[in-house]
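Below is one structure; the comments refer to it alone.
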Number of protein chains: 2
Amino acid sequence: MLVSIKDIAKKAGVSISTVSYALNGSPKVTKETSERIQAIAKELNYIPSAAARSLKKRETKIIGIYLTNYSGAFYGQLLQGMMETLSENGYELIVCSGKESHRFLPERMIDGAIILDATYETEELLSHAERGHKLVVMDRRMDHPNISQVLLDNKAGATLAIDHLAEKGHRKIYVVKGPEISFDARQRLAAVQKAVQRYSHIEYVELEGDFNKPSGEIAAKKIHQDFKEPVGVFCLNDEMAIGMYNYLSRTNLRVGEDVHIIGFDNIEVSQYIQPRLATINYSKHKWGALASELLLNLIKKKKPEHERINVSFVEGDSVKNR
Amino acid sequence: MLVSIKDIAKKAGVSISTVSYALNGSPKVTKETSERIQAIAKELNYIPSAAARSLKKRETKIIGIYLTNYSGAFYGQLLQGMMETLSENGYELIVCSGKESHRFLPERMIDGAIILDATYETEELLSHAERGHKLVVMDRRMDHPNISQVLLDNKAGATLAIDHLAEKGHRKIYVVKGPEISFDARQRLAAVQKAVQRYSHIEYVELEGDFNKPSGEIAAKKIHQDFKEPVGVFCLNDEMAIGMYNYLSRTNLRVGEDVHIIGFDNIEVSQYIQPRLATINYSKHKWGALASELLLNLIKKKKPEHERINVSFVEGDSVKNR
DNA sequence: ATAATAAAGGAAAACGTTTACAGAAAGAGA
DNA sequence: TCTCTTTCTGTAAACGTTTTCCTTTATTAT
């Protein structure tokens, strides 16, 4: 039923090694024999076995990206960037999410992994690296000969946001935090705390958040309850900002008049909601492409690299002068 | 460097088959030997080779889902539903997107595939099925002993939408179409055409669209240009509705007053935008779970099945009485 | 004519498992 | 004591490739 190179060899009257060479375009076999073998392979509908090949070659030409929150609104562009870079180099990308998918790396189902999944234990990553597996982390800092990293410039982004609110004359600033587990959230928060210190006249309040829309609504509720005069709010991601929009729309407070909001990530929908959300932008495509490039370098035995993705401020109607 | 069962066997003073049996919990080997072997395996940091195992067992316990548009806003819940069902049954899920990833199925990297990717040729799918591979299609109709299908009830959804607009007294209805390649788009459109025939007094206009936000903006521009009196609009998905919101906000036309909009899909953000979008809802989670279940059944040699996912109307503030 | 070289292809080992089958040891029944 | 089970473990083949090292044949140089 299942056709292997053995069947081709028999039909062509050659040995299996010749078939293998022919199918791989090796110059060791005549053009004519090669073509004859190719023809027979096609005729028999031959398809190589990935398992057999990777068992022998000790590689799969597949890269895995580890994600938790598939819902995240920017994965599309991120993955696009990765796929382009990888496929130019003969690699395929698969997205791994299930808890058991962690075994893909140690079991050598994939030749390397890109990590964007805070629930993946750093210890575990380290032990993989220790065994010689190649990794790129996008969600934490790690220093190891088999690990490269490419991180967002969260510090710059958060500082940009706070400075913008201060510039617009806001004297009370809320920040809606992210989940403790997220590296980006922690970095953004730390940068915010440092930035507000430069403005001694600013009253600064932290609100809980988990990067999802409902937590933005809850934060909005707090703000509504305390409301006395116009305030600035820095939501540590756009999702929560959207939750906040929604809650406020059911109150007498107006975004861009009473509550001035800045987000982070510039997800696609942020430029479609009303008023347009001011936010921190960065190229998701580039982030993914760079991560892939560094992984490929690592696989080619190059040195690990540490890169940073620049961010920029995106003007919006959600922040005006106080 | 790389430890295999051979190394364990040597260290434990048994044969490799005993190691294999022990590691797989076969009753053929004593509890003591088994435990001793397990201990040694752990000590040596043994990890099985996925390639070797799947070469021998002719299965990988991995299912692939084929997607094009990662950006799609509902993949999170869909994949969640799939992963739950699959992992309960000892399978892992990987998301495949790259053009070359098509080979995963014929090369037996995966034990089955779920298709939600209109660019995947039906011919190609058929040839896979013909070779004995198991498939579930979510984006087309196919009849084959190795293919199950689970489709949205697009017809019911589209009818619900048109009826709602008609009930609200609208006499001019626009429909913003989807891309020709999409089965869902074609089905929805066909149902719309059939539904409007029942309302002879309704003026019906079709506008181009491709399921992305910018095409919703373009459609909105047309509507704005032609505007005379309040109209109803059925956007064949929510994304385009959001694009329409955005364009209209820059005009004098108001959603829910001048332009009454219904979407399709009920993506998460639709309930967060203002005014809340009326739309057609269905359980993404269930859709994914069911598709996985049917695939598992197929793998267990059960008969192919054809299922349908029910849809329902979601009230919103984007549609009011004319 | 002979030896040296090149060209084309083949034999076999290896990759790391699983598993059918065979074998050995030990206990039980006669 | 002998045979028959039962219980454990070992041998070896198989999965489908790739690749190293040979062998054969043809070609060229001497």
Side-chain angles (χ1 to χ4, degrees), chain A residues 1-38 40-41 44-62 90 103-109 111 131-132, chain B residues 1-38 40-41 44-62 90 103-109 111 131-132:
Chain A
M1 183 69 236
L2 219 148
V3 16
S4 73
I5 53 171
K6 204 181 285 184
D7 304 300
I8 301 178
K10 196 181 296 173
K11 181 141 188 177
V14 298
S15 76
I16 60 164
S17 55
T18 303
V19 175
S20 176
Y21 286 129
L23 261 25
N24 291 305
S26 154
K28 296 193 63 176
V29 50
T30 342
K31 203 167 172 220
E32 295 99 60
T33 357
S34 180
E35 276 167 4
R36 193 163 54 87
I37 289 174
Q38 312 257 17
I40 293 178
L44 294 183
N45 258 318
Y46 167 75
I47 306 236
S49 152
R53 170 178 292 142
S54 67
L55 174 59
K56 184 64 193 171
K57 300 197 71 165
R58 291 155 159 280
E59 69 173 16
T60 60
K61 290 287 182 182
I62 298 175
R103 59 184 173 78
F104 289 167
L105 195 57
E107 291 186 359
R108 279 154 287 149
M109 283 249 49
D111 292 348
R131 283 162 171 277
Chain B
M1 183 71 235
L2 219 147
V3 18
S4 74
I5 53 171
K6 204 182 284 184
D7 304 300
I8 301 179
K10 194 181 298 173
K11 182 139 185 177
V14 297
S15 75
I16 61 163
S17 58
T18 303
V19 174
S20 177
Y21 286 129
L23 260 25
N24 290 305
S26 153
K28 296 191 63 177
V29 49
T30 333
K31 205 170 172 217
E32 294 100 61
T33 354
S34 179
E35 276 167 3
R36 193 163 55 87
I37 290 173
Q38 312 256 17
I40 293 177
L44 293 183
N45 258 318
Y46 167 75
I47 306 235
S49 151
R53 170 179 291 142
S54 68
L55 173 58
K56 183 63 193 173
K57 299 198 73 165
R58 291 156 158 281
E59 67 173 18
T60 61
K61 291 285 183 182
I62 299 175
R103 60 184 171 80
F104 290 167
L105 196 58
E107 292 187 358
R108 280 154 286 147
M109 282 250 49
D111 292 347
R131 281 163 172 277

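Just so it is clear: chains get the letters A, B, ... in the order the sequence lines come, proteins before strands, and each one is counted from 1. Keep in mind that what you see is a predicted model, and the values were worked out from it rather than measured.
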task = Would you indicate, yes or no, if D:dT9 has its OP1 or OP2 atom less than 4.0 angstrom from a side-chain nitrogen or oxygen of B:Thr33?
result = yes

query = Whole-Å distance between D:dG16 P and A:Arg58 CZ?
reply = 20 Å

ask   = Separation of A:Glu107 atom CD from C:dT17 atom C1', in whole Å?
value = 12 Å

key: Bend angle of the helix from C:dA1-D:dT30 to C:dA30-D:dT1, from helix axes over five pairs at each end, nearest 10°   = 60°

remark   = Residue pair A:Ser17/A:Leu55 against DNA chain C: nearer the 5' end by closest nucleotide is A:Ser17

message = I want to check one thing: is the phosphate of C:dC15, taken as OP1 and OP2, less than 4.0 Å away from some side-chain N or O of A:Arg53?
response = no

task = Using a 4.5 Å cut-off on heavy atoms from C-beta on, say whether the side chain of A:Asp7 contacts that of A:Tyr46.
result = no

Nucleotide D:dT18, atom C1' - distance to NZ of A:Lys61 in whole Å = 15 Å

key: Side-chain heavy atoms of B:Glu59 within contact of B:Ser54, under 4.5 Å   = no

ask   = Under a 4.0 Å heavy-atom cut-off, which of residues 18-28 of chain B touch DNA chain C?
value = B:Ser20, B:Tyr21, B:Asn24, B:Lys28

message = Apply side-chain contact (heavy atoms from CB on, under 4.5 Å) to residues A:Ile47 and B:Arg131 and explain how you reach the verdict.
response = CA-CA 11 Å; A:Ile47 306 236; B:Arg131 281 163 172 277; 3.4 Å; yes

ask   = Just checking B:Ile47: base, sugar-phosphate only, or nothing, at a heavy-atom cut-off of under 4.0 Å?
value = sugar-phosphate

ask   = Do the side chains of B:Arg58 and A:Leu2 get nearer than 4.5 Å, heavy atoms only?
value = yes

task = Check B:Met109 against A:Ala50 and note the closest heavy-atom contact, atom names and distance.
result = CG-CB, 3.6 Å

message = Tell me whether the side-chain N/O atoms of B:Thr30 come closer than 4.0 Å to OP1 or OP2 in D:dT9.
response = yes

task = Starting from the C-alpha separation in whole Å, work towards a yes-or-no answer on side-chain contact (heavy atoms from CB on, under 4.5 Å) for A:Phe104 and B:Ile62.
result = CA-CA 10 Å; A:Phe104 289 167; B:Ile62 299 175; 3.7 Å; yes

key: Which residue lies more 5' along DNA chain D, comparing B:Lys56 with B:Val29 via nearest heavy atoms   = B:Val29

request  = Calculate the interatomic distance between B:Leu2 atom CG and C:dC15 atom C1'; express it in whole Å.
outcome  = 10 Å

ask   = If we only count heavy atoms from C-beta on, is the A:Lys28 to A:Thr18 side-chain gap below 4.5 Å?
value = no

inquiry  = In the structure I gave you, are the side-chain heavy atoms of B:Leu23 and B:Ile8 within less than 4.5 Å of one another anywhere?
reply    = yes

task = For DNA chain C, determine which residues of residues 3-16 of chain A have any heavy atom closer than 4.0 angstrom to one of its atoms, and list them numerically.
result = A:Gly13, A:Val14, A:Ser15

ask   = Is there a side-chain polar atom (N or O) of A:Arg108 under 4.0 Å from OP1 or OP2 of C:dC15?
value = no

ask   = Between B:Val19 and B:Lys10, does a side-chain contact (heavy atoms from CB on, under 4.5 Å) hold up when you go through it step by step?
value = CA-CA 10 Å; B:Val19 174; B:Lys10 194 181 298 173; over 6 Å; no

task = State, without any angle test, whether A:Ser20 and A:Ser17 hold a side-chain donor-acceptor pair at a distance under 3.5 Å.
result = no

task = Check the pair B:Lys11, B:Leu44 against side-chain contact (heavy atoms from CB on, under 4.5 Å), reporting the backbone distance first and the verdict last.
result = CA-CA 10 Å; B:Lys11 182 139 185 177; B:Leu44 293 183; 4.2 Å; yes

